[in-house]
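Worksheet: the structure to be examined is printed underneath.
Throughout, protein chains are lettered first and strands after them, A, B, ... in sequence-line order, and every chain is numbered starting at 1. Just so it is clear, the model here is predicted, and its values are computed rather than measured.
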Protein chains: 2
Amino acid sequence: MLKDLPRYECLLEAAKQFPDLDPSATEVYLHLLRTSDDAFGALTAHLHRAGLSQGRFTVLMLLIDKGTGCARASTPAELADRSGVTRATMTGLIDTLERDGLVSREPDLADRRMMSVKLTAKGEALIHDYLPGHFRRTAALVEPLTENERKTLVKLLAKIMGQAAVLSAQPADAVPAGIT
Amino acid sequence: MLKDLPRYECLLEAAKQFPDLDPSATEVYLHLLRTSDDAFGALTAHLHRAGLSQGRFTVLMLLIDKGTGCARASTPAELADRSGVTRATMTGLIDTLERDGLVSREPDLADRRMMSVKLTAKGEALIHDYLPGHFRRTAALVEPLTENERKTLVKLLAKIMGQAAVLSAQPADAVPAGIT
DNA sequence: CTTTTTTAGTTAGGCTCCTAATCATAAGCA
DNA sequence: TGCTTATGATTAGGAGCCTAACTAAAAAAG
């Protein structure tokens with residue numbers, strides 16, 4: 001990822017050599033990645049201080065079962081699917097979380113292929129201690145945006161998300177003229 | 001990263017247990033990360049097909065010296081700084097790029113601590129072949145947004161970027177009341 | 001009831017990224 | 001000049017992510 005975003009004149013200059021380069025689209029794309037990375041990095045620094053990583057944090061969040069209003073996950077397969085990582089990666093994550101005493105792994109009695117993953121008391125204490133600060137920092141990140149601006153932002157991001165889904169669905173070397 | 005974003009009611013429910021949780025802020029944050037990841041993933045799939053990764057691609061882009069309107073980089077340290085990775089990581093990236101014949105590494109005659117990194121003919125051919133499709137896909141991602149929406153999006157993202165910088169600058173456990 | 005297919009989880013090996021430590025060279029200073 | 005500090009690059013070791021191959025158990029098919 002580029003640390004310093006190119007100036008717009010720079011994109012215009014590059015567009016002379018590459019007719020396919022859409023300067024405003026490239027600017028949006030680079031700002032999106034840069035902002036996401038910065039926002040993510042600002043919160044991840046605190047995660048690391050708590051001995052967590054994004055993957056570990058996501059797993060712990062999915063294992064919380066009280067007061068979240070959402071169904072919790074329990075098997076490695078479900079955790080992997082909902083975390084957006086492969087099952088192999090989830091095995092590794094659970095390995096280290098178990099090593100650190102934050103989760104426990106028990107065989108499922110009904111289906112002997114499956115394992116049941118649970119938060120330990122230590123894991124539950126850690127995530128519940130961590131969350132309030134995490135939510136405050138998240139709020140601080142978005143703080144200067146009005147409620148209307150937040151709605152607008154989510155709406156615009158959703159459009160790009162939709163395009164990304166379209167683009168990922170047609171992995172061939174298409175995209176010659178325009179995909180809508 | 002959560003694969004499926006939580007529904008808004010779910011955030012409202014969770015906010016009952018965590019008073020610090022700002023539902024609209026969390027929604028923005030999660031949408032930002034999810035969108036960035038999806039957009040990035042859509043383009044990265046093509047990078048992988050070309051035998052590249054985001055890190056390798058960024059290095060090659062920084063090494064292009066013609067018609068980009070931007071100064072090119074040449075030393076590992078500068079490549080690392082502008083790529084946003086550590087120098088150790090850059091050493092590894094250049095190792096594999098050199099192994100694959102895409103870049104070459106030569107000692108700097110003036111300062112014998114430094115190395116000079118250059119694109120090989122093969123590397124230059126690869127990146128120049130790759131870029132047009134890359135730019136078309138980038139344009140496709142943003143295609144449904146009008147020019148005004150693009151400006152709005154960049155402006156809103158810039159606000160969050162600014163907050164991320166503030167948040168990263170004060171790594172202590174601050175953020176109790178509000179940071180502006 | 002046996003064989004095949006599917007599913008859950010893991011292992012093995014690779015890439016990218018990190019931090020910390022090391023080495024050589026250059027630059028600043030008494 | 002000689003010593004100390006700063007800088008460029010690398011190495012070593014670790015974590016998280018991937019794909020591909022494997023094991024065991026359940027489900028489906030004959």
Can a side chain N or O of [X] be found less than 4.0 Å away from OP1 or OP2 on [N]?
{"X": "B:Thr96", "N": "C:dT16", "answer": "yes"}
{"X": "B:Arg56", "N": "C:dC17", "answer": "no"}
{"X": "A:Arg99", "N": "D:dA15", "answer": "yes"}
{"X": "A:Arg112", "N": "C:dT7", "answer": "no"}
{"X": "A:Thr89", "N": "D:dC18", "answer": "yes"}

Between [atom2] of [N] and [atom1] of [X], the distance in whole Å:
{"X": "B:Leu93", "N": "D:dT11", "atom1": "CG", "atom2": "P", "value": "14 Å"}
{"X": "B:Met90", "N": "D:dT11", "atom1": "CE", "atom2": "P", "value": "15 Å"}
{"X": "B:Leu97", "N": "D:dA9", "atom1": "CG", "atom2": "C1'", "value": "16 Å"}
{"X": "B:Asp37", "N": "D:dC17", "atom1": "CG", "atom2": "C1'", "value": "12 Å"}
{"X": "B:Met115", "N": "D:dT11", "atom1": "CE", "atom2": "P", "value": "10 Å"}
{"X": "B:Ile94", "N": "C:dT16", "atom1": "CD1", "atom2": "P", "value": "12 Å"}
{"X": "B:Leu102", "N": "C:dC15", "atom1": "CG", "atom2": "P", "value": "14 Å"}
{"X": "B:Leu109", "N": "D:dG8", "atom1": "CG", "atom2": "C1'", "value": "16 Å"}

Look at all strands and tell whether [X] reaches a base, only sugar-phosphate, or nothing, counting heavy atoms closer than 4.0 Å.
{"X": "A:Thr91", "result": "base"}
{"X": "B:Arg87", "result": "base"}
{"X": "B:Asp111", "result": "sugar-phosphate"}
{"X": "B:Gly84", "result": "sugar-phosphate"}

Could you tell me the separation between the [atom1] atom of [X] and the [atom2] atom of [Y], rounded to the nearest 0.5 Å?
{"X": "A:Ile64", "Y": "A:Leu131", "atom1": "CD1", "atom2": "CG", "answer": "5.0 Å"}
{"X": "A:Leu102", "Y": "A:Leu119", "atom1": "CG", "atom2": "CG", "answer": "8.5 Å"}
{"X": "B:Asp38", "Y": "A:Ile160", "atom1": "CG", "atom2": "CD1", "answer": "11.0 Å"}

**Message:** I'd like to know if B:Arg113 reaches the base of D:dT7 with its side chain, counting only an N/O donor and acceptor under 3.5 Å.
**Reply:** yes
**Item:** Side-chain (A:Thr152) to main-chain (A:Asn148) donor-acceptor, under 3.5 angstrom
**Value:** yes
**A:Met114 or A:Gly92, whichever maps to the more 5' nucleotide of DNA chain C** = A:Met114
**Item:** Contact nearer the 5' end of DNA chain C, comparing B:Ser53 with A:Ala77
**Value:** A:Ala77
**Request:** Ignoring the backbone of A:Ala88, work out which of D:dC17, C:dT10, C:dG9 is nearest its side chain.
**Result:** C:dT10
**Request:** Pick out which of B:Glu143, B:Arg136, B:Arg150 makes a side-chain contact (heavy atoms from CB on, under 4.5 Å) with A:Asp22.
**Result:** B:Arg150
**Fill in**
Judged by nearest nucleotide, the residue sitting upstream toward the 5' end of DNA chain D, A:Leu52 or B:Asp95, is B:Asp95
**Message:** Below 30° counts as parallel, above 60° as perpendicular, anything between as tilted: where do the rings of B:His134 and A:Tyr29 land?
**Reply:** perpendicular
